[in-house]
Amino acid sequence: MSKAHPVQVIAVTGGKGGVGKSNVSVNLGIALAQRGRRVVLLDADLGLANIDVLLGLKTKRNLQDVLNGDCDLRDVLVDGPGGIKIVPASSGTQRMTQLSAMEHAGLIHAFSDIADQIDVLIVDTAAGISESVVSFLRASQELLLVVCDEPTSITDAYALIKLMNRDYDTNRFRILANQVNTEQEGRLLYEKLTRVTERFLDVALQYVGIVPFDEAVKKAVRRQQAVLEAYPQAKASLAIRALAEKVDSWPLPSSPRGHLEFFIERLVEV
């Protein structure tokens, strides 16, 4: 019996808050769905979830209900824009920010129940480098780091790379420059980061492009819509579609890496 199709798992992260991770996650998900992929977006900011608010969605259940045993993961899936499915988390709940390692493992394993419905899982992480963030990053195959042109963004991205590399042997990171004015500005940001990592760490950073600063993004947020749907020809929308084309060509995982990860049973021969 051959193994089932692997699911591409992409964690969108960045260390610092306010760099546009959730916007990138939502719109990348829609762009991949437009390319025929079945996409699920996990709001992994467990205590301050915001994707449902970002998109004006009404949710009845969320991940807390799954953890409490009140329902299955299938029951919390919500239809999002562009054909994507969304797994909402709770907001303003301290308990969700203090999950045990076993509870985190239970959440990650729960996604195996919906593996047959997914080609791509996008994990929109919280800001910072908490145990929760690290747990989701380790469970994902691709780490897409969103950086913007602020010293704190570069510093926090470096701190995240350093932690994942030194403590967990993660050595590949994809870098996306967000809210920059030009391609050159994006490249300079990437070079700033690589200058520091090359000196102190054994990592490979891959530049995947930019999402330019675009007033259309702000307008879409105010309308509680994804920019890709509200303004499909905006500069930011075109850039996200170009990113999705690259993501579509990233290799799929073929074997487990020896620790807890999403859909691990699909990487093991049966």
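Hydrogens, waters and symmetry mates are skipped; everything else that's a heavy atom, side chains included, is used. Note that the numbering runs from 1 along the sequence shown for the chain.
Smallest separation of non-hydrogen atoms from V19 and Q179: O-NE2, 3.9 Å. Minimum heavy-atom separation, L137 to L143: O-CD2, 3.5 Å. Residues L28 and A244 come closest through the heavy atom pair CD1-CA, 3.8 Å.
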Exercise for review: Check the pair D79, K85 against salt bridge (Lys or Arg N to Asp or Glu O under 4.0 Å), reporting the backbone distance first and the verdict last.
Suggested key: CA-CA 5 Å; D79 290 330; K85 301 274 188 189; 2.6 Å; yes
Practice item. Determine, step by step, whether R35 and D248 satisfy the salt bridge (Lys or Arg N to Asp or Glu O under 4.0 Å) criterion, reporting the C-alpha distance in whole Å, the side-chain angles of both residues, the deciding distance to 0.1 Å, and the verdict. Key: CA-CA 8 Å; R35 298 179 65 82; D248 235 356; 2.6 Å; yes
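Within 6.0 Å of the CG atom in D167, the count of heavy atoms belonging to other residues, nucleotides or ligands exceeds 12.
The existence of a salt bridge linking R138 and E261 is excluded, since no basic side-chain nitrogen approaches an acidic carboxylate oxygen closer than 4.0 Å. Salt-bridge formation is detected for the pair R38/D119: a Lys NZ or Arg NE/NH1/NH2 atom is positioned less than 4.0 Å from an Asp or Glu carboxylate oxygen. The pair R74-D113 does not count as a salt bridge, with every side-chain nitrogen at least 4.0 angstrom from each carboxylate oxygen. A salt bridge links K192 with D149: at least one charged nitrogen is closer than 4.0 Å to a carboxylate oxygen.
V196 and L163 fall within the same hydrophobic cluster, where Ile, Leu, Val, Met, Phe, Trp and Tyr residues are linked whenever their side-chain heavy atoms come under 4.5 Å apart, directly or through other members. Grouping the Ile, Leu, Val, Met, Phe, Trp and Tyr side chains by contacts below 4.5 angstrom, directly or via other members, places Y207 apart from V211.
In this structure, F262 has its ring center no closer than 6.0 Å to that of H109.
The closest side-chain heavy-atom distance from V147 to L176 is not below 4.5 Å. A heavy-atom distance below 4.5 Å is found between the side chains of L63 and L46.
At a cut-off of 3.5 Å, with distance as the only test, no side-chain donor of Y190 or R195 sits close to an acceptor on the other residue. Between S22 and D124, the side chains place a donor N or O and an acceptor N or O closer than 3.5 Å (distance only, hydrogens not considered).
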